[in-house]
Amino acid sequence: MRDFYGTALANGLMLGTALYPSPAILKDAFERSGASVATVSLRRESGQDRAGQDFWQLIRALDVHLLPNTAGCHSVKEAVTTAHMAREVFDTKWIKLEVIGEEDLLQPDVFGLVEAARILTEDGFQVFPYTTEDLVVAERLLHAGCEVLMPWGAPIGSGLGLNNIFGLRAMRAHFPDVPLVIDAGLGLPSQAAAAMELGFDAVLLNTAVAKAGDPAAMAAAFATAVNAGQLAQAADPMEPRDMAAPSTPVIGKAFLI
Amino acid sequence: MKLLLNGAPINAQVTTLADLLVAEGFGGAKVATAVNGTFVPAPERADYALSAGDAVEVLAPMQGG
């Protein structure tokens with residue numbers, strides 16, 4: 001697996017921390033998943049409840065790499081400001097950069113994304129851009145200073161899996177040395193395994209685990225799938241073919257007609 | 001002084017951003033701050049003088065995907 005800005009991860013599973021039925025289930029899901037990265041966010045804090053402080057204690061105890069996001073940001077300025085606030089709070093240069101351009105599909109505004117990525121990398125951030133499988137945009141992001149790309153599998157929270165296998169395979173082939181993460185859209189472990197089999201370095205998911213009937217069990221299933229896909233990719237899968245090829249030797253077959 | 005704190009109007013008798021955080025219950029909390037859409041790093045809060053009408057955002061770690 002390729003490094004992420006010089007950091008080698010124990011595995012290719014990045015897990016979100018939102019939408020779980022309870023903090024205890026979140027903790028259980030992370031333990032069962034063995035995820036190496038947790039995505040987190042920033043939201044308004046109440047001086048009375050101070051709910052964010054409890055969450056901070058919880059995620060610190062997970063002992064994983066933290067990847068703060070700029071979720072919900074629709075402009076470059078908003079995303080850049082949020083990134084600065086996240087860097088201070090979470091004490092990391094990593095930022096999952098989201099600049100959302102469209103509400104129905106939560107599709108990234110790739111123009112704003114490239115601009116924000118440039119501003120942030122010049123300011124010392126290590127940007128993980130939430131993008132599409134568009135190769136031209138990917139190239140621009142790399143020129144802007146990104147050393148990781150995170151194309152969507154499908155719209156956030158949709159569970160549709162890998163919507164454009166061709167595009168993702170092309171991206172993998174076009175950028176053989178760039179760490180690539182499928183970010184968003186996964187609904188089933190088989191889709192995570194497929195992403196890893198394509199040669200992606202990691203998958204990032206949240207809803208598929210948090211909204212499962214048993215989040216901790218689903219987290220374990222995703223961990224197994226990511227591991228299986230990674231092993232399979234490393235094992236150099238056979239080439240598919242259109243016609244059958246017998247696996248049992250024909251030579252030595254008895255003459256029984 | 002009338003301010004907006006996380007979008008809600010408040011009336012606070014404070015001078016600086018650091019004072020506001022203490023007065024509003026954020027003392028010692030893990031938070032990041034912005035005033036009028038601009039990030040204010042923690043080391044600058046004590047010297048950051050607030051003005052009437054300022055919009056202050058106080059953000060904390062939260063669940064995210």
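So that the names make sense, note that chain A is the first sequence line, chain B the second, and so on, each numbered from 1. Quantities reported herein were computed from a predicted structural model and do not represent experimental measurements.
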Ignoring hydrogens and angles, tell me if any N or O in the side chain of B:Lys30 forms a donor-acceptor pair with the backbone of A:Val89 under 3.5 Å. yes
Below 4.5 Å from any heavy atom of chain B, which atoms of A:Ser46 appear? Answer side chain, backbone, both or neither. backbone
For B:Asn11, look at atom CG and say whether over 12 heavy atoms of other residues, nucleotides or ligands are found less than 6.0 Å away. yes
Report, as yes or no, whether the 6.0 Å neighbourhood of atom CZ on A:Phe111 holds more than 12 heavy atoms from other residues, nucleotides or ligands. no
Is the closest side-chain heavy-atom distance between B:Gln63 and A:Tyr20 below 4.5 Å? no
Between A:Arg50 and chain B, with a heavy-atom cut-off of 4.5 Å, which part of the residue counts as in contact: side chain, backbone, both or neither? side chain
State which residues pass salt bridge (charged side-chain N to carboxylate O under 4.0 Å, His left out) with A:Glu122; sequence neighbours excluded, sorted by chain then number. A:Arg118
If a pair satisfies salt bridge (Lys or Arg N to Asp or Glu O under 4.0 Å) and one of its residues is in residues 32-46 of chain B, list it, with sequence neighbours excluded. A:Glu88-B:Arg45
Hey, what do you get for CZ (A:Arg43) to CG (B:Asn6), rounding to the nearest 0.5 Å? 12.0 Å
Pick from A:Gln48, A:Met14, A:Glu98, A:Gln53: which one has the most heavy-atom pairs with chain B under 4.5 Å? A:Gln53
Check whether any side-chain heavy atom of B:Met62 lies under 4.5 Å from a side-chain heavy atom of A:Val40, and answer yes or no. no
Residue selection (most heavy-atom pairs with chain B, distance under 4.5 Å) from A:Ser41, A:Gly52, A:Pro68: A:Ser41
For A:Glu78, is it the side chain, the backbone, both or neither that has a heavy atom under 4.5 Å from a heavy atom of chain B? neither
Chain B shares the most heavy-atom pairs under 4.5 Å, among A:Leu42, A:Leu15, A:Asn206, with A:Leu42
Specify the closest pair of heavy atoms between B:Thr38 and A:Lys77, including all atoms of both residues, with the distance to one decimal. N-NZ, 4.5 Å
Flag the one option from B:Gly25, B:Gly65, B:Gly7 with the top tally of heavy-atom pairs under 4.5 Å to chain A. B:Gly65
Please report the interatomic distance CD(A:Glu45) to CD(B:Glu57), rounded to the nearest 0.5 Å. 12.5 Å
In terms of heavy-atom pairs under 4.5 Å with chain B, which of A:Thr17, A:Leu67, A:Leu19 leads? A:Thr17
Is A:Thr39 reaching over with its side chain to a backbone N or O of B:Gly64, donor-acceptor style, under 3.5 angstrom? yes
